[in-house]
Structure formats: C-alpha cells, structure tokens
Amino acid sequence: QVQLVESGGALVQPGRSLRLSCAASGFTLRYYTAAWFRQVPGKEREGVSCIAKSDAGTLHADFAKGRFTISRDIIENKMYLQMDSLKPDDTAIYYCATDFYHSDCDFGRADRFGVWGQGTQVTVSS
C-alpha cells in the first residue's frame, strides 16, 4: 500500500526550530519528486519546499528560502523539512506529497502530486 505519514508537528515559540518527517511506505521515496505543502483553514494550500526526483534539485517558496531545508534519508525512506526561525505566519497544517510522473518541481501544479499524507499541525505562538 502506497502511503505517506507526516509527524513532528508541535506548538513552538517564534524563533525556534522544528523538523517535520514524512515516512513513505509501499514505494521508494528517493525515486520520485516530493514536496511539502501547507494550508491554513479558509486559505488556499501553498507549496513550501520540493525536492526533485533522485535529489536532482530543490525548490523553495520565497517565504521558506533561507529558513527551511528539505532533505531525504535513503535508508529510512523518509523526507524531512527542517524549519528554522519560525514565525507565527508559519502556523498551518503541513502535508507531504509525491509526484510519480514528473522529475521536476512545480508548486503551481499541485495536481501533479497524487499521494498525500494526512497532515501534521504546526503552531507558532508565544
């Protein structure tokens, strides 16, 4: 069964760091383009960070550049999102997703991503 499961969401203070994990099962995550998205209730889902097939490159939203890092662990078959210098505006549900058909990253084409996790809540507040 093809599945993604996120974990690591928490309540943190502004300026602190958090690492989200995305565990894949039923397929080898490294062979496919994968990304993190986030969504606040009542707002549109937005792309955060993406890593291309076979780690050929990464893409970050402007708000994530310099603060967030996306990576993969081949042995654990997981993807991570390291988030530093967190801000209240980063509060959202974070989702990981996989695109089985394209080798590049494109946030504007969320429909490319056919497998999604259930999400993990990140709350940044003092």
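- Although no hydrogens or angles enter the test, the distance criterion places no donor-acceptor pair under 3.5 Å between the side chain of T58 and the main chain of C50.
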Legend entry - side chain to side chain contact (heavy atoms under 4.5 Å, CB included) assessment of L86 paired with L18: CA-CA 8 Å; L86 283 163; L18 197 62; 3.8 Å; yes

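- Atoms SG and CG, from C96 and L81 in turn, are 10.0 Å apart once rounded to the nearest 0.5 Å.
- By the 4.5 Å heavy-atom criterion applied to side chains, T98 and F113 are not counted as neighbours.
- Enclosure of atom CZ in F63 by more than 12 non-hydrogen atoms of other residues, nucleotides or ligands within 6.0 angstrom is indicated.
- In this structure, T123 and V12 have side chains that are not in contact, with every pair of non-hydrogen atoms separated by 4.5 Å or more.
- Remark: R67 pairs with D90 by the salt bridge (charged side-chain N to carboxylate O under 4.0 Å, His left out) rule, at least two apart or across chains.
- Relative ring orientation between F100 and F27 is described as perpendicular, the plane-to-plane angle rising above 60° on a 0-90° scale split at 30° and 60°.
- Looking at every heavy atom in both residues, L20 comes nearest to G9 through CD2-N, 3.6 Å.
- By the side chain to side chain contact (heavy atoms under 4.5 Å, CB included) test, K65 pairs with H60, D62, sequence neighbours left out.
- Two residues are said to be in side-chain contact when any heavy atoms from C-beta on lie closer than 4.5 Å; M83 and Y94 meet this criterion.
- The distance between the ring centers of F68 and W36 does not fall below 6.0 angstrom.
- Checked by atom type and distance alone, the side chain of T33 pairs as donor or acceptor with a backbone atom of H102 at under 3.5 Å.
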Inset, instruction - Please lay out, stage by stage, how Q13 and V124 fare under the test side chain to side chain contact (heavy atoms under 4.5 Å, CB included). - result: CA-CA 5 Å; Q13 294 180 330; V124 184; over 6 Å; no

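- Scanning for salt bridge (charged side-chain N to carboxylate O under 4.0 Å, His left out) contacts around R109 gives D111, with sequence neighbours left out.
- In this structure, E6 and Y95 approach most closely via the heavy-atom pair OE2-CA, 3.2 Å.
- Between L4 and Q118, the shortest heavy-atom distance links the atoms O-OE1, 3.8 Å.
- Remark: R72 pairs with D55 by the salt bridge (charged side-chain N to carboxylate O under 4.0 Å, His left out) rule, at least two apart or across chains.
- The side chain to side chain contact (heavy atoms under 4.5 Å, CB included) check on Y80 picks up R19, S21, S71, D73, E76, K78, with sequence neighbours excluded.
- Proximity of L11 to S125: side-chain heavy atoms (C-beta onward) are separated by under 4.5 Å at one or more points.
- Closest of all the heavy-atom pairs between A24 and L29 is CB-CB, 4.0 Å.
- Put simply, F37 and I51 are part of two different groups of oily side chains (I, L, V, M, F, W, Y) that touch within less than 4.5 Å, one to the next.
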Inset, instruction - Would you please test D89 and R38 for salt bridge (Lys or Arg N to Asp or Glu O under 4.0 Å) and show each step? - result: CA-CA 11 Å; D89 284 349; R38 70 184 188 183; over 6 Å; no

Legend entry - Check against side chain to side chain contact (heavy atoms under 4.5 Å, CB included), T91 and V40: CA-CA 7 Å; T91 296; V40 176; 6.0 Å; no

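- Pairing each heavy atom of M79 with each of A35, the nearest pair is CE-O, 3.6 Å.
- The side-chain hydrogen bond (donor to acceptor under 3.5 Å, both in side chains) search around D84 returns S17, Q82, not counting sequence neighbours.
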